[in-house]
Amino acid sequence: MLVTGGAGYIGSHAAKALRQAGYRTVVYDNLSAGHRAAALGAPLIEGDIRDVDAVRRALRDSGATAVMHFAAWLIVSDSVSDPIGYYRNNVAGTLGTLEAMAAEKVSRLVFSSTCAVYGEPTETPLRETHPTAPINAYGQTKLAIEQALPHYERAYGIRSVRLRYFNAAGADPEGELGEDHAPEIHVIPRAFEAARGGRPLDVFGEDYPTPDGTCLRDYIHVSDLAAAHVLALGRLERDGASATYNVGTERPSSVRQVIEAVERVTGYRVDWRPAPRRAGDPAVLYASAERIRADLGWVPQRAELDTIVADAWRWHSARPMGYGDRRVV
Ligand SMILES: NC(=O)c1ccc[n+]([C@@H]2O[C@H](COP(=O)([O-])OP(=O)(O)OC[C@H]3O[C@@H](n4cnc5c(N)ncnc54)[C@H](O)[C@@H]3O)[C@@H](O)[C@H]2O)c1
């Protein structure tokens, strides 16, 4: 398996799950946001997905029969200020990867998509049939690839499973891997930082039409996401048809509930402050995971918010400097 972006947060967990399922993995990552240590000693090729020849070489040298494609940029606000960079990396980079796959006759792809492809929901829970209308460049870059894939399948035989993740959270229950982003924008690690006396946590909007006024999101454990990838690959190996799946717990949690969970788990008070709503933040986003449950038998094993927070906290408290190549919070 060639795992692009496999030195990053979700890709490293998926690569570990693949190895535990008996696959050989080769990570392909330019380490722009990833960490060499997150490859856990498995082969890692330092390279860029925008370099088609280098991806071709990696496919040839590794003998990969499938690609899991995590490599992308994912900060929504940056995508709004830098669409050139985002289209280059997420669209041109992924098309380059597909071009390399077509040239090397590698015909199975699991693609990291996102619930951001839906835009502002007209109904929740979000089903895969909900209209796609992204409200930022990040979501649009992912949708552009989803829409290109059927053409690549028809012409080059590349079958794919597109996984639309909701909010990835938590850490490897065995404590080997975790989240180490700089800057950190995700609410759980940010709440840890605030709980430890660092920057207070901004709560963006307290006047949403939700029970406590803060946004509702679907936090999905990164190990449950990783398991979905292994099942998706199995579908492709059994010659199953291309498919698109939501990956979420179907349980919405508010920002306030996340703060309370962090306080329960860590025993510290989270210093938070009200902040204005962010443009383009829907009030409620959570998944219907009916399709992936029915087709692949995927059931999240660590869906409780306290479990997600506890796994994340175990890693963050054991590795306050993250992987050690930059500060974690
Ligand atoms: N984190 C979430 O909540 C979430 C939600 C929905 C979708 N996703 C998608 O999941 C994937 C992984 O997200 P993550 O949270 O692990 O992010 P991450 O930043 O931790 O990992 C991405 C990895 O890709 C690498 N990368 C980026 N551009 C590259 C390039 N041009 N060439 C080679 N490597 C490159 C980075 O170095 C990094 O290791 C992304 O495609 C993202 O869009 C994430």
Side-chain angles (χ1 to χ4, degrees), residues 2-16 26-39 44-52 54-55 58 67-76 78-79 85-97 100 109-118 126 134 136-146 162-172 177-190 217-222 224-226 228-229 245-249 285 287 308 312 322-323 325-326 328:
L2 192 74
V3 185
T4 74
Y9 173 44
I10 305 169
S12 61
H13 286 78
K16 179 175 173 177
V26 174
V27 167
Y28 185 88
D29 198 301
N30 68 0
L31 301 180
S32 57
H35 309 272
R36 193 175 293 282
L44 180 148
I45 298 171
E46 205 174 325
D48 200 294
I49 53 168
R50 290 165 289 195
D51 182 344
V52 179
V55 180
V67 173
M68 286 210 181
H69 185 63
F70 297 90
W73 291 344
L74 55 143
I75 299 178
V76 167
D78 288 357
S79 80
Y86 270 70
Y87 272 83
R88 251 197 209 135
N89 208 43
N90 295 4
V91 179
T94 303
L95 297 181
T97 305
L109 172 77
V110 182
F111 173 63
S112 300
S113 190
T114 165
C115 63
V117 298
Y118 295 116
L126 283 151
N136 51 60
Y138 168 65
Q140 195 73 58
T141 61
K142 292 289 181 173
L143 184 59
I145 297 302
E146 282 198 15
R162 290 78 74 158
L163 296 177
R164 292 176 177 166
Y165 319 153
F166 282 65
N167 290 52
D172 173 29
L177 299 166
E179 188 167 9
D180 181 358
H181 287 131
E184 187 54 77
I185 51 159
H186 294 131
V187 64
I188 294 173
R190 282 286 296 110
R217 293 289 180 270
D218 186 338
Y219 297 93
I220 170 75
H221 197 293
V222 64
D224 286 330
L225 270 180
H229 286 77
Y245 297 115
N246 285 338
V247 199
T249 60
L285 280 179
I308 292 172
Y323 288 103
D325 48 2
R326 65 168 72 109
V328 68

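Counting starts at 1 for both ligands and their atoms, in listed order.
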Numbered atoms and elements of ligand 1 in range of [X], under 4.0 angstrom, heavy atoms:
{"X": "S112", "result": "9 (C), 10 (O), 11 (C), 41 (O)"}
{"X": "S113", "result": "6 (C), 7 (C)"}
{"X": "R50", "result": "31 (N)"}
{"X": "F70", "result": "11 (C), 12 (C), 40 (C), 41 (O)"}
{"X": "S32", "result": "26 (N), 27 (C), 28 (N), 36 (C), 37 (O)"}

Return a yes/no value for G8: is any of its N or O atoms, backbone included, closer than 3.5 angstrom to an N or O of ligand 1?
->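 In this structure, G8 places an N or O atom under 3.5 Å from an N or O of ligand 1.
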
Does an N or O from Y28, backbone or side chain, lie closer than 3.5 Å to an N or O of ligand 1?
->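 No - when backbone and side-chain N and O of Y28 are compared with those of ligand 1, no distance drops under 3.5 Å.
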
Please write down residue, atom name and distance for the protein heavy atom closest to atom 8 (N) of ligand 1.
->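 Protein heavy atom at minimum distance: Y165 CD1, 3.4 Å.
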
Residue and atom name of the nearest protein heavy atom (relative to atom 3 (O) of ligand 1), distance in Å to one decimal |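 Here the closest protein heavy atom is A168 N, 3.1 Å.
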
Donor-acceptor side-chain pairing of Y118 and N246 below 3.5 angstrom =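 Per modelled atom types, Y118 and N246 side chains form a pair under 3.5 Å.
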
Any donor-acceptor N or O pair under 3.5 Å, side chains D325, H35 =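 D325 vs H35: donor-acceptor pair found between side chains.
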
Please state which part of [X] comes within less than 4.0 Å of ligand 1, counting heavy atoms only: side chain, backbone, both or neither.
{"X": "E179", "answer": "neither"}
{"X": "D48", "answer": "both"}
{"X": "L74", "answer": "side chain"}
{"X": "Y138", "answer": "side chain"}
{"X": "K142", "answer": "side chain"}

Is there a heavy atom of [X] sitting under 4.0 angstrom from any atom of ligand 1?
{"X": "G93", "result": "no"}
{"X": "G6", "result": "no"}
{"X": "G47", "result": "yes"}
{"X": "T4", "result": "no"}

Under the side chain to side chain donor-acceptor pair (under 3.5 Å) rule, collect the residues that match up with R36, sequence neighbours excluded.
->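 In terms of side chain to side chain donor-acceptor pair (under 3.5 Å), with neighbours along the sequence ignored, R36 is linked to E46.
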
Check whether the ring centres of Y219 and H186 lie less than 6.0 Å apart, and answer yes or no.
->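 That pair fails the under 6.0 Å test.
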
If you measure from atom 27 (C) of ligand 1 to every heavy atom of G5, A169, A72, which option wins on shortest distance?
->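 The residue whose heavy atom sits nearest atom 27 (C) of ligand 1 is A72.
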
Measure from atom 38 (C) of ligand 1 to every heavy atom in I10, I145, D29 and give the option owning the shortest one.
->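 It is D29 that holds the nearest heavy atom.
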
Which atoms form the tightest heavy-atom contact between A137 and Y87, and what is the distance?
->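 A137 and Y87 have their closest heavy atoms at CB-CE1, 4.3 Å.
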
For S112 and H69, what are the C-alpha separation, side-chain angles and deciding distance, and is it a side chain to side chain donor-acceptor pair (under 3.5 Å)?
-> CA-CA 6 Å; S112 300; H69 185 63; over 6 Å; no

